[in-house]
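Read the structure below first, then the notes.
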Amino acid sequence: MSFARLVLVLFLLGLAPAARAETDLRLQAEFQAIHAEALLRTMDLALLGAADVLGRSQTQNELIIHEAFGNYVKRAPGLRAIIATNSQGELQFDSFKFPAQHLDLSNRDYIKVALEMKNREAYLGKPLMGKTSDVAFLPMSMPIFDIFKRVIGVVAGIMTPNRLIRQNILCKACFVSIYREDGEKITSYPSSLQFPEDMLTLVKTKSQNGILEHQMGSLEAQSSSARIQDYKLWVVFTKLKIGS
């Protein structure tokens, strides 16, 4: 969690009861953003470790790398698997399966983007369906550099998107959705709920004092948002105005 986000949460908690009630939506959005950012940060660090394993040596045994990747996955809540490709985007290592399947992932956006990077940084891709598992996943990737700073492949982490939402603290009239900055929704809870297609745009442009008044079907609702700057995501917290 960033220091600025912590200061904001503490400030909101310290408000008088009446004012705190008015900012409750903002606080809930910040809590969800803190949860999502923490998971993504842990995933980011796991990929840095995995990239170092591959960047230091090209002669390590595949089983050793498979087990090393598996240890990184165990230490990163929400992370389902770590994979690595060569410079052509062909799968080489997989924490989930040994030996790794022979798959060409070069057409995957998260692989292509990472192969073109000049610096080691994380790229959060769009939600996809697994080629073999047929299960939705959210990829994060980064390039692997050798000792001469040449890109020799990509390491990527696979996460189930709905793990980004802290579901067990939500009330029955509360919903959460997470968006990329281009407005594409990457996950929501409950997943079956239909949010307006331009939900993020509405929250960013039509909110008054950080709160958007809108409709969810036939019911009145309020929403607030929090930005996760490092991963270019927006968290939107929505609560139905039941009994108001």
Side-chain angles (χ1 to χ4, degrees), residues 1-5 33-97 100 103-128 130-131 137-161 163-164 178 180-182 184 186 227-234:
M1 173 178 30
S2 67
F3 178 74
R5 175 153 281 141
I34 288 169
H35 170 76
E37 184 176 18
L39 288 182
L40 292 169
R41 189 79 61 195
T42 304
M43 188 176 179
D44 197 334
L45 291 173
L47 294 185
L48 283 170
D52 279 341
V53 168
L54 294 173
R56 285 196 304 266
S57 173
Q58 289 297 292
T59 61
Q60 290 186 0
N61 182 277
E62 182 179 350
L63 179 59
I64 294 175
I65 294 175
H66 165 77
E67 292 178 346
F69 280 12
N71 288 331
Y72 282 117
V73 171
K74 290 176 184 177
R75 296 197 294 265
L79 187 57
R80 207 163 78 203
I82 293 177
I83 64 171
T85 74
N86 59 22
S87 59
Q88 284 74 50
E90 298 165 337
L91 182 64
Q92 284 192 312
F93 306 106
D94 186 345
S95 68
F96 185 73
K97 184 171 292 188
L103 294 176
D104 182 0
L105 303 177
S106 59
N107 64 335
R108 294 289 201 177
D109 176 67
Y110 65 97
I111 299 295
K112 289 191 292 186
V113 170
L115 285 173
E116 295 298 322
M117 287 182 174
K118 304 301 181 184
N119 300 301
R120 190 164 69 172
E121 57 186 283
Y123 171 75
L124 192 62
K126 298 181 179 182
L128 298 167
K131 282 192 171 183
F137 69 91
L138 182 67
M140 178 187 288
S141 61
M142 64 177 57
I144 304 167
F145 294 97
D146 64 13
I147 59 174
F148 303 106
K149 303 299 182 182
R150 297 175 301 198
V151 177
I152 57 174
V154 172
V155 64
I158 304 302
M159 173 183 284
T160 303
R163 290 295 299 272
L164 292 175
I178 301 180
R180 292 162 55 93
E181 287 200 323
D182 60 8
E184 180 181 1
I186 64 171
R227 186 171 182 253
I228 305 176
Q229 182 171 348
D230 287 352
Y231 299 103
K232 299 179 176 60
L233 296 178
W234 285 81

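It should be emphasised that the depicted structure is a prediction, and the values quoted were computed from it without experimental measurement.
Evaluation of the side-chain contact (heavy atoms from CB on, under 4.5 Å) rule for N119 yields E121 as partners, not counting sequence neighbours. Taking the salt bridge (charged side-chain N to carboxylate O under 4.0 Å, His left out) definition, one finds that K232 meets it with nothing, sequence neighbours left out. Partners of R163 according to the salt bridge (charged side-chain N to carboxylate O under 4.0 Å, His left out) rule, which considers only residues two or more places apart in sequence or in another chain, do not exist here. Under the rule for a side-chain contact (heavy atoms from CB on, under 4.5 Å), the partners of M140 that lie at least two apart in sequence or sit in another chain are L40, M43, D44, L47, A122, L124, Y231. Residues forming a side-chain hydrogen bond (donor to acceptor under 3.5 Å, both in side chains) with E181 (at least two apart in sequence, or on another chain): R227. Every residue was checked against the salt bridge (charged side-chain N to carboxylate O under 4.0 Å, His left out) condition with D109, not counting sequence neighbours, and none meets it. Applying the side-chain hydrogen bond (donor to acceptor under 3.5 Å, both in side chains) test to S87 and every residue at least two apart in sequence or in another chain returns nothing. Residues that satisfy the side-chain contact (heavy atoms from CB on, under 4.5 Å) test with E116, not counting sequence neighbours, are absent from this structure.
Nearest heavy-atom pair across I228 and A33 is CD1-O, 3.8 Å. Here the closest non-hydrogen pair linking A36 and I178 is CB-CD1, 4.4 Å. Contact detail for F145 and R120: the closest heavy-atom pair is CE1-N, 3.6 Å. Contact record, P139 with L128: CG-CD1, 4.4 Å, taken as the closest heavy-atom pair. Nearest heavy atoms, S95 versus A81: OG-CA, 3.3 Å. Heavy-atom minimum distance, A46 versus L79: CB-CD2, 4.0 Å.
Residues L233 and R180 form a side-chain contact, since some pair of their non-hydrogen atoms from C-beta on lies under 4.5 Å apart. With contacts defined as side-chain heavy-atom distances shorter than 4.5 Å, the pair P161/I186 does not qualify. In this structure, M117 and V151 have side chains that are not in contact, with every pair of non-hydrogen atoms separated by 4.5 Å or more.
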> Stepwise, does the side-chain contact (heavy atoms from CB on, under 4.5 Å) test hold for L138 with L164?
Replying inline: CA-CA 10 Å; L138 182 67; L164 292 175; 3.6 Å; yes
> For R41 and D230, what are the C-alpha separation, side-chain angles and deciding distance, and is it a side-chain contact (heavy atoms from CB on, under 4.5 Å)?
Replying inline: CA-CA 9 Å; R41 189 79 61 195; D230 287 352; 2.8 Å; yes
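Residue I83 holds its CD1 atom at 9.0 Å from CZ of R108, rounded to the nearest 0.5 Å. A distance of 11.0 Å separates CD1 of I82 from CE of M159, quoted to the nearest 0.5 Å. Here the OG1 atom belonging to T85 is positioned 10.0 Å from the CZ atom belonging to F93, to the nearest 0.5 angstrom.
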Name every donor-acceptor pair, under 3.5 Å, that has one atom in a side chain of residues 65-78 and the other anywhere in the protein, sequence neighbours excluded.
residue	atom	partner	partner atom	Å
H66	ND1	D94	O	2.7
N71	ND2	E67	O	3.4
Y72	OH	G49	O	3.4

